[in-house]
Amino acid sequence: MLELRYLRDHAETVRRAIRAKQLPEALASLDAVLLADEQRRLLRGDLEALQARRNAASREIGARKQRGEDAEELIREMGEVAAEVKRLEERDASLEAQLRSHLLEIPNVPHESVPYGESEHDNVVVGEHGERLDGAGMRPHWELAEGRGWFDLQAGVTLTGAGFPVFRGAGARLVRGLAAFFLDQLGRQGYEEIAPPLLVNAASATATGQLPDKEGQMYEVSGGFYLIPTSEVSVTNVHRDAILDEDELPLRYCAFTPCFRREAGSYGKEVRGLNRVHQFDKVEMVQFVRPEDSYDALEEMTGTAEGLLEALGLPYRRLLMCTGDMGFTQAKKYDLEVWSPGQERWLEVSSISNMEAFQASRLATRARPGGVDGRGRPRLVHTLNGSALAFPRTIAALLETYQREDGSVALPEALHAYVGTDLLA
RNA sequence: GGAGGGUUGGCUGAGUGGUUGAAAGCGGCGGUCUUGAAAACCGUUGACGGCGCGAGCCGUCCGGGGGUUCGAAUCCCUCACCCUCCGCCA
């Protein structure tokens, strides 16, 4: 969330940001925060004066009793003060709770380099790599897989419901190979591998920004837990409520996990095959960096994800998300889309974002200059995350791009050792 | 699941109702000494919020929440986590 002090000093900037992000309902939240803040500061003036009086009187009572003097009158007097203090404290607590809940409803402010836009149509293509294959005669991945049994959508429907594909045989091996390939690549670039819990509590989901505003996107299970919609949630919360050593930044983590998303309201060709599913695998990158380094880190991470697509020989393009399409928590976000020749459309396989301090303030993740024992004041870190990469659409593009006349798929060389074959037949 | 013990500042660890924001030690920072360093010695050293140009003043914080009291780190309730023992499971 944005910090209260920032909100007080930059209310207009935040109003513009809210409008640019197409979240007008947050304007009321901002007003509510500013009002509650003002009321609270007034209240605290009275409250603290009263507390000071009580503290002084209590000391005096203690002193008198020690001298064996009578303090009955003062005690009676303080009884009234104590009741008033209690009343004001309750009012203060209620204002603070209001403040906090509305604060959580205010989105992050886009970076100045982010273009204004109302929807996905206003995103800007900032680079394209590789030559798109002509779609003539190319089959979509679901037809290819159907013939060879690499994944079984019907079985998933039986087991669970639509959007839960069952990978099998060479398809399952491809999943495992891709995971190992991605993780190895990231490991080489200094990312520490994490195998996190797949269930998180509400505090974790709130810290990374899934709650309270995107509740409907997560599966909630009994015990008050949520299935992670991305390992960003698990991995970023590893340092919740922590003071890091600023000299040890950046911290780079990666994780291979399933992700669970309700994706309510999607239909039609958007969801054919592996285009959009409720459970999918993804390798995620997460970084904790010093504030002044976060935009360099964003470029670096995006480059890393692009490197994976290049290693797989898949044509892709990079999009800079406009203000209206970038999401609640982000300050700047790139999407990578891979070319799907069998469908003749672009498929989003990665999304890399800089949250600046937005998550860090909810996480209370700070870093102290000069080490944990140092004397410097801790300050909020910046957090970033990005997919490297999401599996189903990567697999779709791989199958379609490398398909042969007979419906088999010749894998790119980078995967041969990982999948244990150069051909899915 | 049952019984007991514990959770205090960056760390170890005192403190069981009244100048305790908290002893002591370690660590950190500054200094003396030294060619330099170590050792020794001296000083200093929590966070957050509010007010003030400033020196400074006020408030809150001893795992979380609630209660008793004029006053709570200290008493009561509750929750979480850790440790020990018993049971159960792998």
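Hydrogens, waters and symmetry mates are skipped; everything else that's a heavy atom, side chains included, is used. Keep in mind that this is a model prediction, so the values were computed, not measured. Reminder, nothing fancy here: chain letters follow the sequence lines and each chain counts from 1.
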Item to check | Pairwise C1' distance for A73(B) and G9(B), with rounding to whole Å | outcome: 12 Å

Checklist entry - What residue pairs, at least two apart or across chains, pass side-chain hydrogen bond (donor to acceptor under 3.5 Å, both in side chains) with a residue in residues 15-24 of chain A? => result Glu12(A)-Arg15(A), Arg15(A)-Asp31(A), Gln22(A)-Tyr116(A)

Next on the checklist: Within the 3.5 Å criterion, strictly below it, is a donor on Ser361(A) or Glu3(A) matched to an acceptor on the partner's side chain?
Outcome noted: no

Checklist entry - Given G50(B), G59(B), C70(B), which nucleotide is nearest the side-chain atoms of Arg8(A)? => result G50(B)

Item to check | Nearest-nucleotide 5' precedence on RNA chain B, Leu74(A) against Ala63(A) | outcome: Ala63(A)

Checklist entry - Using atom C1' of each nucleotide, how far apart are A14(B) and A24(B) to the nearest Å? => result 7 Å

Item to check | Residues Gln403(A) and Glu143(A): side-chain donor-acceptor under 3.5 angstrom | outcome: no

Next on the checklist: Return whichever of Gly62(A) or Ala52(A) has its heavy-atom-nearest nucleotide of RNA chain B closer to the 5' end.
Outcome noted: Gly62(A)

Checklist entry - Roughly, in whole Å, what's the span from CD1 in Ile75(A) to C1' in G17(B)? => result 13 Å

Next on the checklist: Taking only the C1' atom of each, what is the distance from U32(B) to U20(B) in whole angstrom?
Outcome noted: 33 Å

Checklist entry - G46(B) and G31(B): how far apart are their C1' atoms, nearest whole angstrom? => result 23 Å

Checklist entry - C1' atom, U68(B) versus C76(B): distance in rounded Å? => result 7 Å

Checklist entry - Is a side-chain N or O of Asn108(A) found less than 3.5 angstrom from the main chain of Met355(A), in a donor-acceptor match? => result yes

Checklist entry - What nucleic acid atoms does Ala57(A) come within less than 4.0 Å of, heavy atoms only: base, sugar-phosphate, or nothing? => result nothing

Item to check | Distance in angstrom units between Arg41(A) CZ and G50(B) P, rounded | outcome: 7 Å

Item to check | Span that lies between the C1' atom of A72(B) and that of G21(B), in whole angstrom | outcome: 14 Å

Checklist entry - Can Glu84(A) and Arg54(A) be counted as an ion pair, charged N to O under 4.0 angstrom? => result no

Checklist entry - NA contact type, Arg54(A), heavy-atom cut-off 4.0 Å: base, sugar-phosphate, or nothing? => result sugar-phosphate

Checklist entry - Checking all strands, does Ile61(A) fall into the base, sugar-phosphate, or nothing category for heavy-atom contacts under 4.0 angstrom? => result base

Next on the checklist: Taking the P atom in each of A47(B) and U84(B), what is the distance between them to the nearest angstrom?
Outcome noted: 35 Å

Next on the checklist: Once you measure the plane-to-plane angle for Tyr253(A) and His239(A), does it fall in the parallel (<30°), tilted (30-60°) or perpendicular (>60°) bin?
Outcome noted: tilted

Checklist entry - Nearest to the side chain of Lys86(A), which nucleotide is it out of G71(B), G67(B), G59(B)? => result G67(B)

Checklist entry - Separation of Arg59(A) atom CZ from G59(B) atom P, in whole Å? => result 7 Å

Checklist entry - Are there more than 12 heavy atoms of other residues, nucleotides or ligands under 6.0 Å from atom CD of Glu89(A)? => result yes

Item to check | G18(B) to G71(B) separation - P atoms, rounded to the nearest Å | outcome: 14 Å

Checklist entry - Which part of the nucleic acid, if any, lies within reach of Arg5(A) when heavy atoms closer than 4.0 Å are counted: base, sugar-phosphate only, or nothing? => result sugar-phosphate

Checklist entry - Looking at Asn55(A), does any N or O in its side chain come under 4.0 Å of the phosphate oxygens OP1/OP2 on U60(B)? => result yes

Checklist outcome for this item: Whole-Å distance, Glu89(A) CD to G71(B) P, equals 10 Å

Item to check | Dot-bracket line, read 5' to 3' along RNA chain B, where crossing pairs take [ ] and | marks a partner on another strand, Watson-Crick or G-U under 3.5 Å | outcome: ((((((((.[[[..)..(.....]]]((((((.......))))))((((((....)))))).[[[[[..)....]]]]])))))))....

Checklist outcome for this item: Here the distance between atom P of U69(B) and atom CD of Glu80(A), to the nearest Å, is 15 Å

Checklist entry - Rounded to whole angstroms, how far apart are CD on Glu248(A) and P on G10(B)? => result 17 Å

Item to check | Polar side chain donor-acceptor pair, Arg240(A) to Asn237(A), under 3.5 angstrom | outcome: yes

Checklist entry - Regarding Tyr191(A) and Gln185(A), is there a side-chain donor-to-acceptor distance under 3.5 Å anywhere? => result no

Checklist entry - In whole angstroms, how far is the P atom of A47(B) from the CG atom of Leu380(A)? => result 16 Å

Checklist entry - What integer distance in Å separates Glu60(A):CD from G18(B):P? => result 16 Å

